[in-house]
Structures are given as structure tokens and as C-alpha cells.
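Predicted, not measured: the structure shown is a model, and the values here were computed from it. In the text below, chain A, chain B and the rest are named by the order of the sequence lines, each starting its count at 1.
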There are 4 protein chains.
Amino acid sequence: MCRFLIYKGREMFMSDLITKPEQSLIRQSFKARERQEPLNGDGFGVGWYMPEIDLTPCVYNDLRPAWANRNLHRLADKIRSTCLFAHVRAASGGMSVSEANCHPFEYDRFLWMHNGGVAEFRKIKRRLRASLDDEYYDLIQGTTDSEHIFALFLNSLAPHMQDYSSQILAETMVATIMQLNDWSKNAGIERMSRYNFAVTDGQNIIATRYVTDASVEPHSLYYASGDAFEAVEGSYRMRPTERHPRTVIIASEPLTEERGYWTAVPANHLVMVTPELHIRVQPIS
Amino acid sequence: MCRFLIYKGREMFMSDLITKPEQSLIRQSFKARERQEPLNGDGFGVGWYMPEIDLTPCVYNDLRPAWANRNLHRLADKIRSTCLFAHVRAASGGMSVSEANCHPFEYDRFLWMHNGGVAEFRKIKRRLRASLDDEYYDLIQGTTDSEHIFALFLNSLAPHMQDYSSQILAETMVATIMQLNDWSKNAGIERMSRYNFAVTDGQNIIATRYVTDASVEPHSLYYASGDAFEAVEGSYRMRPTERHPRTVIIASEPLTEERGYWTAVPANHLVMVTPELHIRVQPIS
Amino acid sequence: MCRFLIYKGREMFMSDLITKPEQSLIRQSFKARERQEPLNGDGFGVGWYMPEIDLTPCVYNDLRPAWANRNLHRLADKIRSTCLFAHVRAASGGMSVSEANCHPFEYDRFLWMHNGGVAEFRKIKRRLRASLDDEYYDLIQGTTDSEHIFALFLNSLAPHMQDYSSQILAETMVATIMQLNDWSKNAGIERMSRYNFAVTDGQNIIATRYVTDASVEPHSLYYASGDAFEAVEGSYRMRPTERHPRTVIIASEPLTEERGYWTAVPANHLVMVTPELHIRVQPIS
Amino acid sequence: MCRFLIYKGREMFMSDLITKPEQSLIRQSFKARERQEPLNGDGFGVGWYMPEIDLTPCVYNDLRPAWANRNLHRLADKIRSTCLFAHVRAASGGMSVSEANCHPFEYDRFLWMHNGGVAEFRKIKRRLRASLDDEYYDLIQGTTDSEHIFALFLNSLAPHMQDYSSQILAETMVATIMQLNDWSKNAGIERMSRYNFAVTDGQNIIATRYVTDASVEPHSLYYASGDAFEAVEGSYRMRPTERHPRTVIIASEPLTEERGYWTAVPANHLVMVTPELHIRVQPIS
């Protein structure tokens with residue numbers, strides 16, 4: 001299991017999201033709450049957009065645990081962004097710890113993260129790879145199911161790559177999950193898979209909370225929106241607004257002790273955030 | 001806080017001590033039991049003796065967590081030793097994660113480990129360094145209190161370096177602790193320090209369980225002895241013997257679920273193991 | 001380009017092969033002679049056999065350059081073996097530096113190394129992968145052409161896996177190269193590929209010196225044999241013997257200044273070493 | 001030996017200084033020209049100022065060679081600065097490769113780099129440390145002579161810390177070198193030391209080119225100034241100006257093939273750059 005964090009809104013320092021809040025992603029990396037194994041020490045990654053420079057994200061990742069990474073702490077204090085993806089990883093059983101396996105994965109303007117896993121992935125891996133155009137086949141550098149599914153998502157999005165809406169991204173995400181379900185069924189896989197995916201192009205965001213077995217709780221996923229996410233007397237909070245929100249956070253766990261303004265994404269639903277920060281929650285089906 | 005393990009006895013594979021047992025040191029590195037913060041992910045080290053080659057130990061250490069270290073797992077499956085020190089580290093607050101700060105520290109035939117810390121170490125650091133002969137001053141490569149105290153121990157042992165008994169090692173250890181206590185008192189340090197130290201030359205072993213405040217429990221420390229430490233139907237145990245033991249293990253935590261044959265070292269005592277595997281427990285005072 | 005070293009013979013310390021000789025592999029890692037770019041700083045690996053323990057090799061690799069790796073130096077001083085593969089890597093243009101891309105690659109009893117590259121590998125990569133049985137397909141953890149070709153070699157060897165001779169290994173190696181040539185031709189690849197491969201099971205060794213363009217010199221490859229490889233007054237040499245050799249070294253470059261007893265493998269030939277240390281040089285065709 | 005680079009002027013992308021120019025610092029890291037051992041693969045560091053955020057620099061360093069560091073390449077493409085220090089390291093003989101030993105060293109607003117070394121540093125190390133106030137003594141995290149000398153420089157600057165000019169920085173630098181010379185003489189050190197130091201507070205820069213033996217050439221050091229350092233048709237150059245320069249670069253080696261506008265700093269001189277980009281060259285004596 002892993003933990004991830006998504007931010008979109010006013011320009012903020014990375015540290016106000018990933019190192020300073022009470023239940024920050026860094027803290028989740030060694031003391032996650034909503035999971036049994038509390039440890040995410042098998043590498044981390046953060047990707048962020050600086051639209052004043054260009055449309056592609058900058059990614060920083062490392063195999064060493066986030067909590068001890070001085071570079072991460074120093075960069076977080078100086079780098080500001082309006083859109084950020086961050087991920088701490090707990091390598092699943094057999095998977096290796098390598099930079100090629102660190103989330104978020106990137107392609108052109110896109111970033112992709114995953115919390116969960118495809119049960120018995122090797123049984124559908126060859127089928128998945130065979131379905132990819134060379135462009136996306138050649139992207140794959142590591143061995144994770146997560147990166148393979150990113151390639152699958154991009155392959156499905158390809159016809160719309162020059163012109164798509166938030167809704168098309170959401171539909172492509174749903175189609176990706178349905179495709180995985182089909183292949184898993186055909187391969188006779190009966191064990192449960194969990195698909196908390198997140199994708200962004202720096203403007204639109206789609207994040208899913210999904211499990212293939214409806215009798216089971218998916219991995220946790222929350223979102224919150226407001227005017228700004230800020231520290232007041234040392235304690236972080238989302239400043240509420242009566243008007244259109246200027247800040248959205250989606251995260252595996254609430255970043256604050258105060259949980260009132262954090263909404264759990266319903267099981268087998270996705271959250272869509274548009275470039276104008278409209279938030280929509282839709283079923284995945 | 002950290003966790004450590006000491007083995008002396010029949011030649012054993014490293015894996016039978018640090019990767020395979022139920023509550024192995026590797027497991028303690030991400031799920032220690034007898035401490036509040038269960039995580040020791042800031043580097044590890046292992047040192048072992050191969051007397052058929054020479055008298056100095058071989059040390060392998062790494063900054064990345066022990067649990068994800070493929071090299072460690074592969075070496076552990078192939079390397080055998082009759083005397084081994086292993087340590088997983090949780091970097092204390094301000095201390096940096098670097099190879100120079102990984103235990104065990106080595107000098108000539110000696111290995112040294114520490115679980116605990118000197119309160120407000122910087123207040124006595126200059127005094128400690130000033131007391132060292134160049135030979136031991138120049139050993140210090142890192143910034144830990146632990147390594148500095150090793151240099152202090154060696155400096156005290158220097159007059160006996162060519163000819164010492166287990167008892168002299170034990171007395172030097174006690175003198176080292178008393179010296180730290182004196183300096184701490186003179187520096188006006190009132191906070192408590194914890195000194196679970198371990199030293200070996202491949203033949204003799206001294207391990208302490210000590211805290212400067214008698215009203216407080218020191219960090220845990222256990223030992224067990226028997227004929228052999230071995231897996232029986234997949235479960236490790238110490239095979240008992242009515243005769244002289246051929247195997248001794250000293251560890252921050254028992255390596256097995258079965259705790260019956262693990263003896264807690266009393267507070268502010270040390271365990272001495274002689275080359276002939278005689279075990280003595282003595283008060284530190 | 002990379003550099004590699006193969007040893008088989010009397011039990012030797014790793015250090016006498018990879019760190020101490022004048023032109024040791026470590027030295028080749030920062031100052032190779034017979035190549036234009038003298039640097040091999042993108043990771044290294046060493047695999048060795050300890051037949052007194054079992055038939056599979058132990059592998060130690062790391063992304064950091066071999067010359068600065070304290071663990072490597074310490075292990076090399078204490079570990080002895082009768083059969084060793086070692087490799088220092090210069091990552092080719094687009095390829096990433098990751099542990100999964102470090103040679104030697106291992107599978108069961110086998111180790112594999114490569115110095116060279118498949119021109120435009122991505123044009124035949126899917127074809128190659130499609131040809132593999134699941135058993136060998138699932139082995140692939142990284143992105144190098146080298147690891148893919150190892151899987152191809154194993155796939156070809158599979159029918160003989162329980163019973164093969166040196167000659168069958170050599171024929172499988174030749175078949176592997178011929179297969180690559182076929183696929184490259186079919187894919188319209190005209191650029192030259194270099195295939196200095198090495199494979200061992202701890203008993204037999206096959207090493208090739210091959211380039212697809214006969215008008216070009218392949219990467220260098222030498223071998224030497226004798227009674228023992230040893231230091232005499234600080235300088236390493238192969239002690240000659242009139243009888244059957246007890247030591248064979250195959251290396252990208254001679255390990256000693258004295259080059260008299262190093263024989264260059266002819267272009268597009270392979271060297272076979274049998275379990276009894278018989279050495280045969282055969283054309284690849 | 002090492003290589004370093006200093007930039008001050010218009011806001012520039014890091015990549016235009018350290019990764020893209022023909023003879024960039026990255027290239028110098030594996031193929032330095034003006035030195036015998038061409039390799040600087042033992043870690044690197046870069047520090048830069050973002051005055052729109054605050055006065056302290058951001059530092060990114062890593063033990064792995066700069067040339068293979070994907071994070072460095074990605075950050076360099078997105079980060080802009082008006083003042084930058086960068087350093088690639090070749091660890092001297094006995095010194096260890098650790099993050100604590102990576103340049104530039106930082107303290108508050110200051111960055112410090114060194115190319116060279118103190119001969120027989122251990123003979124003056126204790127004397128140097130004893131001279132430091134606790135504030136600067138406690139800074140020292142590693143084992144390099146370079147970091148110790150930075151502490152010595154800061155200790156000398158302490159009385160002026162709240163109010164100093166470029167000239168005072170230059171005088172403190174000269175006093176630091178003279179102090180080293182005194183101690184070395186008193187310690188009976190006869191071997192030559194090389195002191196190419198650089199210090200900045202983000203506004204002022206001092207860089208020295210110095211060797212203790214006047215009959216020997218110091219390590220190389222160049223500077224260039226102009227209107228802007230920019231790529232013209234893929235090739236970098238310093239755009240000249242008839243007016244006051246808006247860009248200054250000081251570097252161990254020219255960054256461009258064209259060397260006409262690079263001025264060698266004379267032996268045993270320093271270059272001072274003021275906040276207004278006035279450049280002065282002064283003798284060290």
C-alpha cells in the first residue's frame with residue numbers, strides 16, 4: 001500500500017503540503033493511520049507544475065525514505081506550485097525498489113499515481129503490453145503494474161490527445177478500469193484488485209477510489225476544498241469560502257487532525273477537478 | 001532508538017539470524033515491538049568475523065532500509081560466521097543519515113554498536129574529543145555520539161590493547177560510562193541518557209543495559225544461550241543444552257515468539273561473554 | 001561500453017582480482033584503456049560461486065561507482081571464490097541507471113554479462129519478448145538489451161536445462177546471436193551491434209567477442225591461463241605452468257602491465273571453458 | 001581535485017549553466033580538461049538563491065555522479081536563479097564519499113566551495129577546531145578540510161556578520177588563508193596546499209586561486225563577464241557588452257570552446273564580485 005496527495009489551487013510552497021502539516025505525507029510515510037502496515041519507506045516522488053515556465057511537470061523522486069531525505073526538505077521549502085502530485089511508496093511483496101518504480105510516472109504533460117495493485121498482475125501483463133502502440137509501449141521503464149496501467153490509459157486517450165475535456169479524461173479512466181476488469185476475468189483472476197488512481201495534466205485531475213470486490217472497502221481517499229490551505233498559529237486548516245473554491249486537495253488521508261471538512265470519496269467513485277476547480281464526484285461503472 | 005543483535009557460537013548463516021526468524025532484526029527494522037516509534041529505516045550495518053581468514057571483521061552497511069536491501073538478503077544467504085554484530089538505525093532528531101553514522105563502527109579487531117543516546121551531547125563533545133589521543137581522535141568519521149564514545153572506549157583501553165581479558169573490557173566499558181556521567185554532570189546536563197552499548201573483538205563480548213536515571217526503564221536487552229539456534233519445522237528456537245552452551249545471542253528484542261528462554265538483562269547491568277562462551281552478568285557501577 | 005572480468009580456478013580472494021591488480025576492474029572503471037570513453041561509473045556488479053554452500057551464485061551490485069564503494073572493497077578483502085563474474089557499467093545513451101540494469105544478471109545457477117549493445121534495440125524488443133516462455137519473460141526486471149538477451153538465451157537452453165555440456169552452451173550462445181541477427185535484419189536495422197557476452201553456471205563458461213559488421217573491430221577481449229594468478233613482490237602475474245592450467249581469466253582488458261601471456265580472442269569467436277578448465281576457441285557462425 | 005562553477009547575473013535556468021553548455025560542469029564531471037585525473041564522480045552539489053522567496057540558498061546534492069542523476073537534469077530544466085554555486089567532487093585519497101562531504105557547504109545565507117586541499121590536514125585539524133566558537137564548531141558535519149575551513153572563515157567573519165562589505169569578505173578570506181599557512185608552518189607541514197575557495201552570500205562573491213608553493217601552478221580558475229550567457233544556434237557564448245556587465249561566471253574551466261573572453265585569474269589572486277557586479281582582482285597576501 002502507498003499514500004498519495006494531490007493539490008491544485010493558489011501557488012503554495014511544497015512544504016506546506018508535504019512536510020509541515022500535522023498528518024503530512026511525510027508523516028504518513030512512516031506512520032500512516034488508515035492502513036495496517038504503517039510504513040511507506042520504499043521511495044517517494046513528487047511532481048509539480050510551474051505554468052510560468054512550461055506545461056510539463058518537474059519530477060523529483062528518490063529511493064531513500066522521504067522522512068530522511070534532506071534534498072526533499074530543502075526543495076520543499078523553496079519550490080512553489082499551483083498543482084502538485086506526491087507519493088510515498090510501500091513496495092508490494094515481490095516488487096523491486098528502483099527509481100523506475102517510483103510514482104508519479106510522467107509522460108509529456110501528464111502525471112500518474114496509484115495506490116493499490118492488480119491481483120496476479122503477471123497473468124494479464126503480456127496481454128496489456130500487446131495492446132499498446134509503440135509510443136506507449138516504449139514508455140515503460142519499470143516493473144510496476146501502476147506504470148503499465150498508465151501506459152494503457154495513455155494508449156486509450158491517444159485519439160483525443162490534442163483535444164480533450166475533463167469528462168473525456170474521466171471516461172478514459174473508467175474505460176481503463178473496465179479493461180483491466182475484463183482481462184482479469186478472462187485470465188481467471190479471482191483475487192481482489194484495488195485501483196486508487198490519479199492522473200493530471202496540470203489542469204484537469206481525475207482520482208479514483210475503486211475495488212473490484214464490492215463487499216470490501218477500497219483504500220481510503222478524501223478531498224477538501226476551500227479558499228486556501230494555510231497554517232493558523234502553527235496548525236494547518238482549510239480556510240472555508242462561501243464562493244467558488246480556490247484550493248482543492250485530494251489525499252489518501254486527511255492532512256489535518258480536524259477532519260470535518262474532509263469528504264470521503266464513495267467506494268467505486270471518482271473525483272474530477274476541472275481547470276476552473278469545479279469538483280464532480282461520479283460513479284465508476 | 002535503534003535495535004541491535006549479537007551472535008557468537010557455531011558457524012551460522014547470517015540469514016538464520018537477521019532475515020529469517022519471526023522477529024528477526026529485519027522485521028524489527030520496520031516493526032519493532034518494545035518501543036513507541038516502531039521504525040528503524042535510517043540505515044543498517046552488519047559486521048562479522050571469519051577467523052579462518054583473519055582477525056578483523058568484515059562490515060557491510062547501507063543507508064537504505066534493511067528491509068528493501070537486496071544485497072543484504074543475498075549476502076545473508078551465503079555468508080557464515082561464528083560472531084556477528086548487526087544494527088538497524090532510527091536516526092535521532094538532528095542527526096544525519098550517512099554511511100559514516102551507520103553502526104557497527106569498526107577499529108582493527110573491534111566492532112561497536114549503540115542503542116540510545118547522550119542527552120545534549122554537544123555540551124560534552126569538545127571535552128570528549130580533547131581527551132583523545134590522535135590515534136583515536138582521527139578515527140572519527142561521522143557525527144554520532146555513538147562513534148565518539150567508541151573512540152573514548154578505545155582510548156581508555158589503549159594501555160591494555162596488546163593484552164586484555166574479558167574482565168578488563170568490562171571494566172573499561174564501565175569506566176567509559178562513568179566518564180560520560182562525570183562530564184554530563186559537569187556540563188549541567190540533567191536530561192536522561194541511555195547507554196545500551198555493545199563491543200566485541202570477535203572473541204569477547206560486552207553489552208550494557210543502562211540509563212542514567214534510575215527511576216526510568218532502560219532500553220530493552222535480552223540474551224539467550226543453548227546448544228544451537230535453529231529452525232525446526234520453519235520456526236526458530238534455541239535448542240537447550242544441559243552442558244556448556246555453544247551459542248549465545250544478545251538482542252534488543254527476542255528473535256522468537258517463544259520468550260521462555262530469553263533473559264532480560266537487569267537495568268544498569270552488563271553481560272559479558274568470554275571466548276569460551278561463559279556468560280556473566282555484572283552491575284555497572 | 002562496459003568492462004567485464006571472468007575468473008575460474010583455485011579459490012581466490014575477490015580483491016586479488018577486482019581491486020588490487022595494476023589494471024584491475026576497479027581501475028578500469030575509471031580509467032579503461034582500450035576504449036575512447038574511459039569511464040564506467042554507472043553501477044557495477046559482482047557474482048561469485050561458493051560450491052561448498054550451494055550451486056547458485058551470490059550477487060552484489062550497486063548503482064554507485066565501484067571505485068568509491070567501501071562495501072565492495074571490504075567484501076572483496078574477505079570473500080573467496082573459485083568462479084567469479086564482475087562488471088562495471090557505462091550506461092548507454094538513453095538507458096537508465098538502476099539496480100535492475102546492473103550486470104551480472106542471474107537466474108538459478110546462471111550469471112550473464114554483456115559488453116556492447118544491440119543497435120536500435122527497441123525495433124526488435126517486442127519480437128524478442130513475444131518469443132519467450134512465461135518462465136523467462138517474467139525474469140525481466142529492467143530495460144537493458146543485455147537482460148532481454150539473457151532471457152532469450154535461457155529460453156533457447158530450456159530444453160537442455162537438466163542436462164547440457166559446454167558444447168551445448170556454446171551452440172545456444174551462437175544460436176542466440178544468430179537469432180538477434182535475423183531479427184535485426186528483418187527489422188531493417190543497419191547499424192552495427194556488438195555482442196561480447198559471457199555466461200556461466202559456475203562450472204562452464206562461454207564468452208564471445210563479436211560484432212555484426214565484419215569490417216569493424218569488436219570490443220576487446222582477452223584470456224590467460226596458468227597455474228595461479230598471484231602477487232609477486234606487489235605485482236600481479238599469471239604463474240605459468242607446463243601442465244594443465246588451474247586458473248583461467250577472461251577479461252575486457254589485461255589485468256596486468258605485462259601482456260605477454262594474454263591472448264586476444266579473435267574477432268567473432270567465442271572462448272569456452274569446461275569444468276575441467278579445458279579452453280577452446282571457436283568461430284561464431 | 002574537483003571542479004566548480006559560480007554564476008551571478010540575470011535570472012537563468014540552471015540547465016543553461018550546468019547541463020547544456022559544451023564544456024558544462026556535468027561534462028567536466030566526467031571529462032575535465034585541465035587536470036590529470038579527469039574524473040569527478042564522487043558526488044556533486046548545487047546551491048542557488050531565489051531572492052523573491054528569501055535570502056537563504058536552496059541546496060541539492062547527491063552522492064551519485066552528476067552525469068547520471070535524473071533529478072539533477074529535471075530540476076535544472078525548471079529552476080531559475082540569479083546566483084548559483086555548483087560543484088562536482090573527486091574525493092581525495094582517504095576521504096569518504098558522503099552527503100556531509102558534498103560541496104557547496106551552507107550556513108545561513110552563505111555557500112562555500114573548495115577545489116584543492118590542505119596538505120596533511122590532520123596535523124592542523126585539532127588546532128583549527130579548537131579555535132572555533134561553539135556556533136561554528138557545531139556546524140561541522142563531515143570530515144573534509146573544506147568544511148572545516150568554511151567554519152574557520154565564518155568564525156573570522158563573526159564580528160562583522162551583521163554588517164560587512166565585499167572588501168571585508170575578501171579580507172576575511174585572505175586572513176583565513178594566512179591562518180592556514182601559519183598553522184601549517186607551525187605543524188611542520190612542507191607539502192604544498194591548494195586553496196581555490198569560493199564564498200557567497202547571494203550578493204557578494206569571493207573566489208581565490210592560490211597555492212602555497214609559488215613555484216607551482218595553482219588549480220585553474222577563470223572568469224568571464226558580459227551582458228548575458230546564452231545559446232546562439234545551439235552554441236553557448238557570453239554576449240559582450242560595452243556597458244556595465246549584467247552577468248558574471250567564475251569557473252574552474254571555461255564553459256565554452258571559444259576561450260577568448262575567459263580571463264585566467266592570476267596565481268595567488270582572488271576575484272571579488274560586488275552586489276552591483278563590479279569585478280575586482282586582488283593579490284592574496
Side-chain angles (χ1 to χ4, degrees), chain B residues 11-16 19 43-66 68-87 98-111 139 141-142 147 202, chain C residues 11-16 19 43-66 68-87 98-111 139 141-142 147 202:
Chain B
E11 194 176 66
M12 278 189 75
F13 280 105
M14 209 187 278
S15 57
D16 285 320
T19 58
F44 73 90
V46 56
W48 65 95
Y49 294 83
M50 305 168 96
E52 71 279 16
I53 292 178
D54 61 19
L55 297 178
T56 62
C58 186
V59 171
Y60 174 65
N61 58 28
D62 202 284
L63 299 184
R64 285 169 48 194
N69 197 290
R70 289 177 66 210
N71 286 323
L72 177 62
H73 282 83
R74 294 187 292 208
L75 291 169
D77 280 344
K78 301 286 187 181
I79 287 174
R80 288 182 294 205
S81 176
T82 54
C83 181
L84 176 145
F85 265 40
H87 188 278
S98 83
E99 284 175 18
N101 288 348
C102 284
H103 308 228
F105 300 99
E106 64 176 310
Y107 169 75
D108 193 56
R109 288 153 300 171
F110 293 94
L111 291 175
L139 283 187
Q141 297 290 312
E147 189 190 17
Chain C
E11 193 175 67
M12 278 190 75
F13 281 106
M14 209 187 277
S15 57
D16 285 321
T19 58
F44 73 89
V46 55
W48 65 96
Y49 294 84
M50 304 168 96
E52 71 279 16
I53 292 178
D54 61 19
L55 296 179
T56 62
C58 187
V59 172
Y60 174 66
N61 59 26
D62 202 284
L63 299 184
R64 286 169 48 194
N69 197 291
R70 290 177 65 209
N71 286 324
L72 177 61
H73 281 83
R74 294 187 294 209
L75 291 169
D77 280 344
K78 302 285 186 182
I79 287 175
R80 289 181 294 205
S81 176
T82 54
C83 181
L84 176 145
F85 264 40
H87 189 278
S98 84
E99 284 176 18
N101 288 348
C102 283
H103 309 227
F105 300 99
E106 64 177 312
Y107 169 74
D108 194 56
R109 290 153 299 172
F110 293 93
L111 291 175
L139 284 187
Q141 296 290 311
E147 188 190 19

Problem set entry | Evaluation steps, side-chain contact (heavy atoms from CB on, under 4.5 Å), between K78(C) and I79(B) | CA-CA 10 Å; K78(C) 302 285 186 182; I79(B) 287 174; over 6 Å; no

For this session: Work out which heavy atom in R74(C) is nearest to a heavy atom in V59(B); give both atom names and the distance.
Result: NE-O, 2.9 Å

For this session: Return the option, out of D77(C), L72(C), T56(C), with the maximum number of heavy-atom pairs under 4.5 Å with chain B.
Result: T56(C)

Problem set entry | Region of D54(C) that comes under 4.5 Å of a non-hydrogen atom in chain B | side chain

Problem set entry | Minimal non-hydrogen separation, D62(B) against D62(C), with atom names | OD2-OD2, 4.2 Å

Problem set entry | side-chain hydrogen bond (donor to acceptor under 3.5 Å, both in side chains) partners for N69(C), two or more places apart | Y60(C)

Exercise. Any side-chain heavy atom of R80(B) within less than 4.5 Å of one from M50(C)?
Worked result: no

Exercise. Is there a side-chain contact between C58(C) and L75(B) (heavy atoms, below 4.5 Å)?
Worked result: yes

Problem set entry | Heavy atoms of other groups near L55(C) CG, more than 12 under 6.0 Å | no

For this session: Name all residues meeting the side-chain hydrogen bond (donor to acceptor under 3.5 Å, both in side chains) criterion together with D108(B); count only those two or more places apart in sequence or in a different chain, and write none if there are none.
Result: none

